[in-house]
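The next block holds one structure in the form of structure tokens; read it before the comments.
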There are 2 protein chains.
Amino acid sequence: MIRLEKPIGSRFDKQNKGGRPFRPVPSNGICTRLGDKWTVPVIWHLSVASGQRLRFSALKNEIEGITQRMLTLTLRNLERDGLVVRHYFPEVPPRVEYELTDMGAGILSALEGVNFWITDNLAHVEQCRRAYDDSEQRTVKTCSVET
Amino acid sequence: MIRLEKPIGSRFDKQNKGGRPFRPVPSNGICTRLGDKWTVPVIWHLSVASGQRLRFSALKNEIEGITQRMLTLTLRNLERDGLVVRHYFPEVPPRVEYELTDMGAGILSALEGVNFWITDNLAHVEQCRRAYDDSEQRTVKTCSVET
DNA sequence: CCGGATCCTAACCGATACTG
DNA sequence: CAGTATCGGTTAGGATCCGG
């Protein structure tokens, strides 16, 4: 993963000491943002009703398990990256709507390949895991040996 | 990100208390493994000389910045997932070679879309970030307001 | 309703030392 | 050479409280 730089919301926001930048290998350009726990769910939900805007609370209700804090942080980072637009209406009570930019929508199609791979292979991966865990080949001794 | 379950090498390896499993949205199937820091670099290097096996030390030398520990952990997890095969030769000194499985090789092509997106949009993202940071719109007050 | 501030925990990951 | 074990820093992310 490329460590592009400090995201909003990290204490690493204040000071970055030994930020070794990590040489990106060609196919390694998966932005750190995508590795964040809630980024993909948020983008996904924003894109479902494509072109539509979603209120903060709507997102919070639809994305199961996300906390207010993490939704705010995720949206802030996406906004900063230019993937999401924030529309603020200074009413009482306040209303805020979020909308995917074109660039943000583009990520999803980019992710399709990954998604297909996962759905195609998830069952097999899980089977491999069970097999590995069962044979408990944690120690070198029990590994398959060749000559 | 799907939290499939505990990876090898986490202390969470011992006991998982409240492992809330996270409902995957359709396009959310990006395995946690891909979010790990070294997974993509390792797969990438294994695929470069496609079909070839690579020794542990070869990988360690080629992947800049990776530590012995993290390479071991990453390879173990990939092996467990069935993405990598480990060939162990009990010589002295020992020799171990790693090889991508077909399934493992498939991930890279799945990642191509993401990689293209990144290379196409990275510059723009960084520009958005600079703009955002400059205008320092951390407070709601300075946000764009609509009526 | 939206989100900032704070505290707390888990766990990723680096550094280092030690083995067959 | 290819690991394993251990320690510790740093960070992601959850819970909670508060404010406009």
Side-chain angles (χ1 to χ4, degrees), chain A residues 1 3 5-20 22 32-33 35-39 41 54-61 63 65-77 79 86-98 137-143 145, chain B residues 1 3 5-20 22 32-33 35-39 41 54-61 65-77 79 86-98 137-141 143 145:
Chain A
M1 310 283 284
R3 293 285 167 191
E5 43 46 88
K6 60 196 177 71
I8 295 174
S10 64
R11 298 172 197 166
F12 171 65
D13 204 359
K14 308 178 177 177
Q15 187 191 1
N16 176 10
K17 285 197 291 190
R20 150 208 49 70
F22 193 101
T32 312
R33 195 73 57 250
D36 290 346
K37 186 172 178 181
W38 298 106
T39 298
L54 285 182
R55 299 191 60 166
F56 184 88
S57 48
L59 278 169
K60 180 159 182 343
N61 291 333
I63 302 176
I66 197 169
T67 61
Q68 208 169 38
R69 172 183 145 83
M70 290 321 293
L71 180 55
T72 302
L73 251 46
T74 306
L75 286 167
R76 241 3 124 258
N77 277 304
E79 185 194 4
R86 178 187 139 113
H87 303 278
Y88 173 65
F89 303 89
E91 311 163 356
V92 273
R95 180 163 54 100
V96 181
E97 294 174 353
Y98 292 93
Q137 50 181 214
R138 298 285 172 82
T139 55
V140 178
K141 305 177 189 69
T142 59
C143 287
V145 168
Chain B
M1 311 282 286
R3 292 285 168 190
E5 41 48 87
K6 61 196 177 70
I8 294 175
S10 64
R11 295 173 195 166
F12 171 63
D13 202 356
K14 305 179 180 178
Q15 188 191 1
N16 177 11
K17 286 196 288 191
R20 152 206 49 69
F22 193 101
T32 311
R33 196 71 58 250
D36 290 345
K37 186 171 179 182
W38 298 107
T39 297
L54 285 182
R55 299 192 59 166
F56 183 90
S57 48
L59 279 168
K60 180 160 183 344
N61 291 332
I66 197 170
T67 59
Q68 207 171 37
R69 172 184 145 82
M70 289 320 293
L71 180 54
T72 302
L73 252 46
T74 305
L75 287 167
R76 243 2 126 257
N77 277 304
E79 185 194 2
R86 179 187 137 114
H87 303 278
Y88 175 65
F89 303 89
E91 311 164 354
V92 275
R95 179 161 56 99
V96 181
E97 294 175 353
Y98 291 93
Q137 50 180 215
R138 296 286 172 83
T139 57
V140 178
K141 304 178 189 66
C143 287
V145 169

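Just so we're on the same page: letters track the sequence lines, and every chain starts at 1.
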> Where is the tightest heavy-atom contact between B/Leu71 and B/Leu59, given as atom of each residue plus distance?
Replying inline: CD2-CB, 3.9 Å
> A/Gln68 and A/Lys60: which non-hydrogen atoms are nearest, and at how many Å?
Replying inline: N-CE, 3.8 Å
> Does A/Pro94 or A/Met70 map to a spot on DNA chain D nearer the 5' end, using the closest nucleotide for each?
Replying inline: A/Met70
Side chain of [X] only, heavy atoms from C-beta on: which candidate in [options] is closest?
{"X": "B/Gln68", "options": "D/dG3, D/dA5, C/dT6", "value": "D/dG3"}
{"X": "B/Arg86", "options": "C/dG4, D/dC1, D/dA2", "value": "D/dA2"}
{"X": "A/Phe56", "options": "C/dG4, D/dA2, C/dC2", "value": "C/dC2"}

So, OP1 or OP2 of [N]: does either fall under 4.0 Å of a side-chain N or O from [X]?
{"X": "A/Lys37", "N": "D/dG14", "answer": "yes"}
{"X": "B/Thr67", "N": "C/dG14", "answer": "yes"}
{"X": "A/Ser57", "N": "C/dC1", "answer": "no"}
{"X": "B/Tyr98", "N": "D/dC1", "answer": "no"}

>> If you define the side chain from C-beta out and look only at heavy atoms, does anything of A/Tyr88 sit under 4.5 Å from A/Val96?
In response: yes
> Should A/Asp36 and A/Leu73 count as side-chain neighbours, where that means a heavy-atom distance under 4.5 Å?
Replying inline: no
For the pair made of [atom1] in [X] and [atom2] in [N], what is the distance, rounded to whole Å?
{"X": "A/Leu71", "N": "D/dA12", "atom1": "CG", "atom2": "P", "value": "17 Å"}
{"X": "B/Glu97", "N": "D/dG3", "atom1": "CD", "atom2": "P", "value": "12 Å"}
{"X": "A/Arg95", "N": "D/dG20", "atom1": "CZ", "atom2": "C1'", "value": "17 Å"}
{"X": "A/Arg76", "N": "C/dG4", "atom1": "CZ", "atom2": "C1'", "value": "10 Å"}
{"X": "A/Asn77", "N": "D/dG13", "atom1": "CG", "atom2": "P", "value": "10 Å"}

>> Is it the case that the base of D/dG13 and the side chain of A/Arg69 share a donor-acceptor contact (distance under 3.5 Å, atom types as modelled)?
In response: yes
